[in-house]
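Presented below is the structure to which this report refers.
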Amino acid sequence: MPARRDPGTKVETNLARQRIRRGITQEELSSATGISLTAYRRLERGRNPNPPLRYLVNCSIALGCRLEQLIEPDWRKWMALDPAASEPPDRLTFWKRRPKER
């Protein structure tokens, strides 16, 4: 099946690439996943810097791809959700060594 594009779609995200590769419209994927069309379009255009995991999981299931294939490089960076945690914790002090269980 040839890839279908919605008018005005700019292929800027992994989600858009996967959807077009499968030959599905934005409306079809929105309906199949239960995500409103407006929210889906924002997600596909990269306008949601912190998308709900459930949105991405539903899209990966509907598209038949791994969740990892939808993750954008910017989402792999630390995001300060609280001013007190503006930097990621130091792994060596954050990870506590646990005694071996018997």
Side-chain angles (χ1 to χ4, degrees):
M1 170 185 275
R4 288 168 53 186
R5 290 190 57 170
D6 295 303
T9 297
K10 291 183 180 178
V11 183
E12 299 175 4
T13 62
N14 294 332
L15 178 58
R17 285 181 199 84
Q18 289 293 325
R19 177 186 62 76
I20 290 169
R21 189 171 69 82
R22 291 285 188 215
I24 300 169
T25 66
Q26 290 177 333
E27 289 82 5
E28 289 168 334
L29 189 54
S30 166
S31 177
T33 59
I35 301 169
S36 75
L37 184 56
T38 301
Y40 177 80
R41 285 182 172 155
R42 286 181 49 78
L43 182 63
E44 187 173 292
R45 291 176 182 149
R47 296 219 171 41
N48 187 340
N50 190 18
L53 181 59
R54 177 54 58 198
Y55 285 10
L56 300 174
V57 169
N58 283 5
C59 288
S60 73
I61 291 169
L63 292 169
C65 67
R66 294 185 335 268
L67 178 61
E68 179 72 16
Q69 292 174 284
L70 301 181
I71 304 296
E72 295 296 326
D74 283 353
W75 300 341
R76 297 176 190 276
K77 297 176 184 170
W78 177 261
M79 176 184 264
L81 301 173
D82 178 348
S86 62
E87 296 292 326
D90 175 59
R91 291 183 299 237
L92 296 177
T93 57
F94 185 68
W95 296 348
K96 297 177 182 165
R97 292 186 178 245
R98 299 178 189 268
K100 291 184 179 179
E101 294 184 22
R102 296 179 186 206

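Just so it is clear, the values below take in all heavy atoms, side chains as well, and ignore hydrogens, waters and symmetry mates. Along the sequence shown, residues carry numbers from 1.
- The side chain to side chain contact (heavy atoms under 4.5 Å, CB included) check on D74 picks up K77, with sequence neighbours excluded.
- The CD atom of E44 sits 14.5 Å away from the OH atom of Y55 when rounded to the nearest 0.5 Å.
- A distance of 11.0 Å separates CG of L56 from CG of L63, quoted to the nearest 0.5 Å.
- Between I24 atom CD1 and Q18 atom CD the span is 10.0 Å, to the nearest 0.5 Å.
- Here CD of E72 is found 4.0 Å from CG of N14. Values are rounded to the nearest 0.5 Å.
- Heavy atoms of other residues, nucleotides or ligands lying less than 6.0 angstrom from CZ of R76 number more than 12.
- L29 and I61 fall within a single hydrophobic cluster, where Ile, Leu, Val, Met, Phe, Trp and Tyr are joined by side-chain heavy atoms under 4.5 Å apart, directly or via other members.
- The nearest pair of heavy atoms linking S86 to A80 is CA-CB, 3.8 Å.
- In this structure, S30 contributes its side chain and Q26 its backbone to no donor-acceptor pair below 3.5 Å.
- Taking OG of S60 as the reference point, atom CG of L53 lies at 9.0 Å (rounded to 0.5 Å).
- Side chains of P51 and W75 form a contact here, defined as non-hydrogen atoms less than 4.5 Å apart.
- Panel note: side chain N58, backbone T33; a donor-acceptor pair is recorded below 3.5 Å.
- To the nearest 0.5 Å, atoms CG (L15) and CD1 (I71) are separated by 10.5 Å.
- The two residues P89 and W78 have their closest heavy-atom pair at CD-CH2, 3.8 Å.
- Taking each heavy atom of G46 and T13 in turn, the nearest pair found is N-CG2, 3.7 Å.
- Minimum heavy-atom separation, L67 to V57: CD1-N, 3.9 Å.
- A donor-acceptor pair under 3.5 Å links the side-chain atoms of R22 to the main chain of G64, judged by distance alone.
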